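Step one of this worksheet: look at the structure below.
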Amino acid sequence: MHDISSLRTQFQSDLQGAATSDALEQVRLRYLGRESGELTKILRSLKDLSEDERRRIGPQAQALKKEIEEALETKRTQISAAPLWEVDLSAPGRKPSRGHLHPLTLAQREINRIFRDMNFSVVESSEVESEHYNFDALNFAPGHPARDVQDTFFLEQPERDKKDPRTNMLLRTQVTAMQILHLERQKPPFQIIYPGRTFRNEASDSGHESNFYQIETMVVGKDTTFRNFRFILETFLKKFLGEGVEFRYRASYFPFTEPSVEVDVKYRGKWFEILGAGMVHQSVFMNAGYKKGEWQGFAFGAGLDRLTMIKYDIPDVRLFYSGDLRLIRQF
Amino acid sequence: MKFSYALLKQLIPKAPPLKKIAEEFNARSFEIEEFEGDMLDVKIYSNRYSDAASHLGIARETSAIFGLALKDPRASSKKLPKQKGLVKIKIEDKDACIRYSARVFDIPKVAESPAWMQKILRTCGINPINGIVDVMNYVMLEIGQPLHAFDAGKLANRNGVTQMSVRMAKKGEKLNTLDSQTIPLDPDMLVIADSEKPLALAGIKGGLESGVTTATTRIIVEAANFGSRGVFRTSRRLNLRTDAGVRFEHGLSPELVEWGMERATSMLTELGARLIDWDEAYPKKATDRIIGFDTETYENLIGAPVTPARAKTIFGKLGFVVESRGGKSAHSMKIKVPSWRPDLGDTEDLVEEVARIEGYNTFSPEAPMFAIAPAYPDDFVEIKDAVRDVLVAFGLDEVYNGTFLGPVDLEEGKGLMPLFQEWQAVKVANPLSEERSLLRPSLSHLLRRTVIDNGRFFEKIKCFEVGKVFAMQKGVIRERLALGIAIAAKRDAGVILEAKGIVEALLREFGVKDFSLEERQDVLHVSAGAKKLGTIVLALTGKHFIGAFAELDLEELIRLRQSQKVFKVLPRFPSVTRDLSLLIDASMRVGTLMEEIRKTNPKLLESFELVDEYSDSQLKSQGKRSLTFRFVFQALTHTLSEEDVNAQMKKITNTLAQMGVQVR
């Protein structure tokens, strides 16, 4: 019971095993606890010992008490200085896994948002279209070179009459068929934007692919003017390509608009044609079953790929359809 | 189309430098694609060939834009000599040939044309040939009317009369052209012929035998107007594009015939030629049109005003005549539009003429007034956005593949399953190449390529595509909106379980009820109730890469989607979780096991999931593997007792024991 040295040894082993401040407190109580601490009991029992024993054990016990207190203090400091968690905060953060939307989707969504904010509806139509809706209903005269300008992919249909434009199917060369389709299904006034994949029979190069995307808008009302068109277009260009975007209008010709213009945008110091536009030709309204002069409006159509290339500084349109994840993961 | 600045300057003496012309042309009339030295390349729009595919037309535009005087090159009609009957014209097809004019000249010795003319010809991409042919081409460049000269001595004549017919070719007839090609003719092609044989392909190219050479002493000059559709058709059939053909196929006005012929006569006469005889056939004369123009209509369409005086000035400069007994009010007028502007038909055309000369860049923007009627919803747009967001959140990357593929791609992707039943691939009638001769029947075929191509850079590929797929069914072309998902990794067939999990999570996210992914012959068939939604298959793609390809019908998903989420009451009482580790035969299927457990229908079982699969060499050698399931019991009205749960677990373990499954 009064074996101070074995008590010391016991204490040292207990101390080593104490890793937290709670465990350390347990150790302190075991030895120095007011009620049942081992050393406390010894010190309390000194008065019951003989004077010789008291003179021998007393100072030893006092010395051990001091040792224990100092050792506990040192360990306490060590434990509180140790980091709270076992982790190296300077190590690189763990990357969360995320997927990426295709840059054309990102551009399309931004454009849709810009137009939805102006109360435009986003609508879509089919990629396979009849010659009637792609050309004839849009005032392209049959057998005329204007149709040549858009090199068309025709589809083989052994059982259909190829001479009838309503059953001669092709891959749409423009999304413009939507002008007629929408006029047939919703009465004006309305504002719509209709994006979609379109197809031209051209050899691919850095600026051209045989399939690509167009976005077209159409605004129809009782007194929609050319100046209104400039407002809507310029609002869009500034929001999409930045406030400082430089643009210019040029006289042009399309069978389905009158007057017709083309718009160029300055990119890297050069003018690039980005869209065609104009006031909707009254033939389009009449072909959709409306009376001549009842409504008027404007439409403009741009190549989404080209706009996206300008916005993100991407040099080759073919990258969009390459499926290269190294491109897509950048966005 | 190439033009010469030197010739333009002849017509507009005060013409500004080429650079300035290019700038203003771009804004107000035509696109100048390039200009260098004497040459400017102008893109003439397809409805403006009649008036503008000529230096006269370009000069007219320049005059209107810059307000400069135009030196009109057109010669006035001189009195013609009495007809001698040396040449007789017969138009056999009045729709194919609207006007035909022929003049006979005796010419001095054919020499080279002067240097200034040769230079202009060359700038415009035409080779000088000889003094006569060059005049023909020069007049075409200047006036816009193609001309042709025949060697009169080479034409058949009977009793001194040369019969020139404009007719469809006869089967078997041939023509040797000026550049030594032999063209087989057929009844669909219009030719100029004498009484024996075809002399020229009308409006396109002249024949070799009747061409003018240095030995020619008498010529017959042709100025004619041919219908655009016929010339277009023949030119494309023979793949023969000429300066003359390109002009006719866009539609020229027959009035140009007169201008061209008079100018040619004037120039030939200056060279010493003598007009001997002539003939002309012009069965249906073209007329000028009267079109109304109203400044109020203009302002209504453009949004900016124009004064009647300004409008009149612009029309005058463009060569239109403002009728003196014009419109009903101060702001309306009647414009006599010349026949050589066949592109102008209605009042909007005139609005365009005024607006473009004023300049589109000058009109300031003005915000329109829109009704706040709600926007029109489009299902396809919405579902595509929803699917994209969900899949990107799951960590997949979006790709866009092309629409075209080839028979080889279909062959290589034989195990892949398009959405269509009993289908054939849609063929492109005029494809770019064999590899792009079909429309894709599924997204999986090209997603397979995506996996192969990206395999060089990534160990694990998770991607998707939303797009249209096509097939022919019973002679009808079908188009469908589809979703394709590809999960691929090296040597890990587990990718199909990953794809399975993604599809299940997507369907759950969309609130689709009663969906199932059933296994049939190594393919997972996805359906909801009776509706087929698609499939998931495994395929080997390139070296060691295994890909799982899911193909889903998004149009079907639109119908099944419940986007409205419903709140489920939160449980007030604690749940009880029990884990069960099982030892099963390696050959036993997890799906079967789970189905059997489900069938025991334990009461108050909220869920049970497979939380672990384990196998090691020891277990493998015993033909076993270990699975751990987690069962969660929940009552809504009371706290579950141990006995309740134990009883249910006993039901489960009994069933498992019957299947020979050990609990560990």
Side-chain angles (χ1 to χ4, degrees), chain A residues 97-102 104-105 116 119-124 126-128 143 145-146 149 153-159 169 186 189 191 197 201 203 210-211 219 221 223-228 230-232 234 248-253 258-259 261 279 282 296 320-321 323-326 328-329, chain B residues 26-29 31 45-47 229 232-233 249-250 300-304 348-349 351-352 355-356 360-361 363-368 370-372 375-376 378 380-381 388 391-392 394-403 426-430 432 450 453-454 457-458 463 468 470 475 477 479:
Chain A
S97 89
R98 59 158 291 197
H100 300 258
L101 287 171
H102 193 283
L104 286 175
T105 299
R116 280 198 173 115
N119 205 35
F120 279 64
S121 309
V122 182
V123 288
E124 292 190 0
S126 317
E127 292 177 10
V128 169
V149 171
F153 283 113
F154 288 94
L155 300 172
E156 270 186 31
Q157 294 167 262
E159 295 171 39
M169 306 307 279
Q186 185 182 7
Q191 310 81 243
R197 187 176 278 206
N201 193 342
S210 53
N211 50 228
V219 172
D223 41 30
T224 312
T225 66
F226 184 84
R227 287 178 66 201
N228 294 153
R230 279 199 58 162
F231 180 88
I232 298 290
E234 288 166 32
R248 68 179 184 188
Y249 295 87
R250 287 183 286 105
S252 184
Y253 164 72
E258 186 94 65
V261 294
M279 304 307 287
Q282 285 294 325
Q296 62 192 53
F320 288 141
Y321 307 98
D324 195 335
L325 292 174
R326 293 173 304 166
I328 292 160
R329 288 186 186 187
Chain B
N26 265 318
R28 295 161 206 264
S29 33
E31 206 179 323
Y45 298 122
S46 51
N47 65 338
R229 290 176 79 157
F232 178 72
R233 223 179 17 245
E249 75 186 23
H250 283 88
N300 195 38
L301 197 60
I302 301 296
E348 281 89 356
D349 292 313
V351 168
E352 182 172 39
R356 69 182 178 88
Y360 296 114
N361 289 294
F363 304 118
S364 60
E366 183 175 48
F370 287 163
I372 302 280
Y376 189 99
D378 187 300
F380 279 31
V381 174
R388 282 177 172 131
L391 293 180
V392 161
F394 289 169
L396 282 74
D397 295 318
E398 182 184 22
V399 298
Y400 281 27
N401 277 311
T403 299
V426 179
K427 289 205 188 90
V428 180
N430 52 331
L432 279 167
T450 302
D453 292 339
N454 280 293
F457 307 111
F458 301 102
C463 61
K468 293 293 185 79
F470 309 86
I477 296 177
E479 179 177 330

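Chain letters run A, B, ... following the sequence lines, proteins first and then strands; every chain starts at 1. All values derive from a computational prediction rather than experimental measurement.
- For a residue to count as touching a neighbouring chain, one of its non-hydrogen atoms must lie under 4.5 Å from one of that chain's; by this rule B/Y400 touches chain A with backbone and side chain alike.
- Once rounded to the nearest 0.5 Å, the distance linking CG of B/D453 with CG of A/L325 reads 10.0 Å.
- Ring centroids of A/Y249 and B/F363 are separated by 6.0 Å or more, keeping the two rings apart.
- Remark: the backbone N or O of B/T403 is paired with a side-chain donor or acceptor of A/N211 at under 3.5 angstrom.
- Listed by chain and number, the residues in a ring pair (Phe, Tyr, Trp, His ring centres under 6.0 Å) with B/Y45 are B/F30 (sequence neighbours excluded).
- Chain B forms more heavy-atom pairs under 4.5 Å with one residue of A/R248, A/E258, A/E156, A/Q282 than with any other, namely A/E258.
- Within the model, atoms CG of B/N454 and CZ of A/R326 stand 8.0 Å from one another, a figure rounded to the nearest 0.5 Å.
- Among A/I232, A/T224, A/N228, the one residue that satisfies the side-chain contact (heavy atoms from CB on, under 4.5 Å) test with B/F370 is A/I232.
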What do the steps show when you test B/E398 against A/T105 for side-chain hydrogen bond (donor to acceptor under 3.5 Å, both in side chains), and what is the final call? CA-CA 9 Å; B/E398 182 184 22; A/T105 299; 2.8 Å; yes

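- At distances below 3.5 Å, not a single donor-acceptor pair connects side-chain atoms of A/R98 with backbone N or O atoms of B/F394.
- Residues passing the salt bridge (Lys or Arg N to Asp or Glu O under 4.0 Å) test with A/E127: none are found, sequence neighbours excluded.
- When every heavy atom of A/S210 is checked against every heavy atom of B/L432, the shortest pair comes out as CB-CD1, 3.5 Å.
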